[in-house]
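These numbers were taken from a predicted model, which means no experiment stands behind them.
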Number of protein chains: 2
Amino acid sequence: MSMAEPTDIDDSETVSLHQRILSDIREKILSGTWAPGHRIPFEHELTAEYKCSRMTVNKALSQLAKAGLIERRRRSGSFVRQPQSQAAVLELHDIRIEVEALGLPYRYERLDRLKRRSNVEDRGLLGLAAAGSVLWLEGLHFAGERPFALEQRLINLSAVSEAANEEFLEIAAGPWLIGRVPWSEAEHRIRAVAADETVADALDIDPGAPCLVVERRTWSAEHPVTHVRFIYPAGSHTLVARFTPSQG
Amino acid sequence: MSMAEPTDIDDSETVSLHQRILSDIREKILSGTWAPGHRIPFEHELTAEYKCSRMTVNKALSQLAKAGLIERRRRSGSFVRQPQSQAAVLELHDIRIEVEALGLPYRYERLDRLKRRSNVEDRGLLGLAAAGSVLWLEGLHFAGERPFALEQRLINLSAVSEAANEEFLEIAAGPWLIGRVPWSEAEHRIRAVAADETVADALDIDPGAPCLVVERRTWSAEHPVTHVRFIYPAGSHTLVARFTPSQG
DNA sequence: ATGGCGATTATGTATATACATATTGAAACG
DNA sequence: CGTTTCAATATGTATATACATAATCGCCAT
């Protein structure tokens, strides 16, 4: 069993050499052949093994380092890192897409719209330092006849002034904002709560029934753009997150 | 206002050139200066602009492409991509860390442990094709005197045979598995549920009270390793996910 | 011992060059 | 007029080379 062979199985696919080096090494790490702490071969050794230039090996190793699988130390070499903080990529689809994926007709209905000067709570939610105009929106997403999610949103009008002219009567602000305002950063908070009177009423569920709450704050180049809270009745929604350590 | 200047503000920091090119372009995209669909300068133009070799420019653009911010087309150039599916990096900390971050003493207590041949349900949860031995574990994580989370876990003993010898009386299987088994893939499902009798009893809450459920399936190099379900009483836990489009 | 110092070494970044490959646009042809 | 062919072009990958930088090792002097 050749242990350091440059992949004797011909992948038959046309992959670049640095990519093959990368996945060879990744495989050794993920399979446990090279345990955390293990020193992987020096660049010049891999250069000899794969009969290529150092730049090619370097490209593969740099990517593995950026992906967090290995750690590189000058003069010492490259080492397999300890499995780090678990992280997962959370896919957050548009609600319309989710509903339509269920084969149900989608509909949005605005419940409330209010332009106002930001109060302390608004500024807390948005992360604003100074007062300014905000737009408060509340609406319901329907899957068929049943309420699918309640949306409560604050938009920072200093950042997105055009939003003041929109009614958002039948389209949710989410799709409107996406494409118009490029986000640069977002933060999500996910938790379970019991439905209070208002929420239960809107979603047509019993007060006290469990709900999944997803809150999202979005920034565009440092400026707070919007804070939105989605409230899903238990059962209507499952968030799915998938994780693979490094990109192929 | 110079629009295509190579960052006239001296960053004063020692960053590599390809990195500066990368963040210059990223900034233009995130600020909206270059809207989705916009063709960013050709490599040879950036080469002239930054007075560097094409390889340096290429490194920056390749990374932007891999990060999903731009799309590269041969003979046509590179284009700013439409804001894609929202994705977020979910941080999933060790429960001990979370509890200790609250300043509370952490304790784990095993409730149940059973080695058995996998039944149909087990195989469904783990994603196993054939029958085999599994280890069923149930335990409680405490924050101080109060139950913080209920853990229900299945371990595929064909993948992690050493687990059969562990008692997991006072240490949870999570920390034990991490470091021993390098994961290569994981899938999470997050939802809200009402506590049933058993869960309510274990967590010392009222039946029907809302709970946050996080389920995780883990694979190591194609082999299912474990399926774990964490059940948090509402209020005890908030998942936080942060997102920045591309790495610096 | 021990503390400093220079040589050695592996990685980090950048260059100039070369050829491959996909795609486009225009010319040539039936 | 439609189709084929071909050259031009931008990106994709790889090489050889060069110098910078950080960390370590071993030598030497205190």
Side-chain angles (χ1 to χ4, degrees), chain A residues 4 6-7 10-26 29 34 37-81 246-248, chain B residues 4 6-7 10-26 29 34 37-81 246-248:
Chain A
T7 325
D10 184 348
D11 257 315
S12 88
E13 309 234 0
T14 341
V15 279
S16 52
L17 180 50
H18 71 259
Q19 194 130 356
R20 211 185 80 204
I21 300 177
L22 189 153
S23 53
D24 278 7
I25 295 175
R26 181 179 48 191
I29 294 173
W34 289 346
H38 180 270
R39 209 210 74 226
I40 78 174
F42 295 128
E43 289 188 352
H44 69 262
E45 295 177 295
L46 291 169
T47 289
E49 193 177 319
Y50 286 92
K51 300 190 205 320
C52 64
S53 75
R54 184 166 84 88
M55 281 302 293
T56 304
V57 169
N58 185 282
K59 196 166 186 173
L61 294 188
S62 302
Q63 287 188 37
L64 282 168
K66 177 170 298 187
L69 272 189
I70 68 173
E71 184 189 333
R72 313 200 71 193
R73 284 201 291 274
R74 280 169 151 142
R75 170 68 214 245
S76 309
S78 306
F79 301 81
V80 178
R81 291 224 311 185
S246 112
Q247 71 288 41
Chain B
T7 325
D10 185 349
D11 256 315
S12 89
E13 308 233 359
T14 341
V15 278
S16 53
L17 181 49
H18 71 259
Q19 194 128 357
R20 210 186 80 203
I21 301 176
L22 189 153
S23 53
D24 278 6
I25 296 175
R26 181 180 47 192
I29 294 173
W34 289 346
H38 181 270
R39 209 211 73 228
I40 77 173
F42 294 128
E43 290 189 350
H44 70 262
E45 295 177 294
L46 291 169
T47 289
E49 193 176 319
Y50 286 93
K51 299 190 206 321
C52 64
S53 74
R54 184 166 83 88
M55 281 303 293
T56 305
V57 169
N58 184 284
K59 196 165 186 174
L61 294 189
S62 302
Q63 286 187 37
L64 282 168
K66 180 170 297 185
L69 272 191
I70 69 173
E71 183 188 334
R72 313 200 71 195
R73 284 200 290 275
R74 279 170 152 143
R75 169 68 213 247
S76 310
S78 306
F79 300 83
V80 178
R81 292 224 310 184
S246 113
Q247 73 287 42

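- Here C:dT8 presents its C1' atom at 15 Å from CZ of A:Arg74, a figure rounded to the nearest Å.
- Close to C:dT11, at under 4.0 Å from its OP1 or OP2, lies no side-chain N or O of A:Arg75.
- Nucleotides of DNA chain D that come within less than 4.0 Å of any heavy atom of chain B span, from the 5' end to the 3' end, D:dA8 to D:dA14.
- We find the CE-CE distance between B:Met55 and A:Met55 to be 5.0 Å, quoted to the nearest 0.5 Å.
- Taking side-chain N and O atoms only, A:Ser76 has no distance below 4.0 Å to OP1 or OP2 of C:dT9.
- The OG atom of A:Ser62 sits 7.0 Å away from the CD atom of A:Glu43 when rounded to the nearest 0.5 Å.
- Between B:Glu43 and A:Lys51, the residue whose closest nucleotide on DNA chain D is further toward the 5' end is B:Glu43.
- Along DNA chain D, the nucleotide nearest A:Met55 and the nucleotide nearest B:Gly77 are compared for position; the residue whose nucleotide lies closer to the 5' end is B:Gly77.
- Distance A:Arg72 CZ to C:dT9 P: 18 Å, rounded to the nearest Å.
- Rounding to the nearest 0.5 Å places CG of A:Leu64 at 9.0 Å from CZ of A:Arg72.
- Side-chain contact between A:Trp34 and A:Ile40 is present, with heavy atoms from C-beta onward closer than 4.5 Å.
- Residue contacts shown for A:Leu61 are absent, as no nucleic acid heavy atom lies under 4.0 Å away.
- One distance of note links CD1 of A:Ile25 with CG of A:Leu61; it measures 5.0 Å at 0.5 Å rounding.
- Put simply, the side chain of A:Gln19 never gets that close to the backbone of A:Ser16: no donor and acceptor are under 3.5 Å apart.
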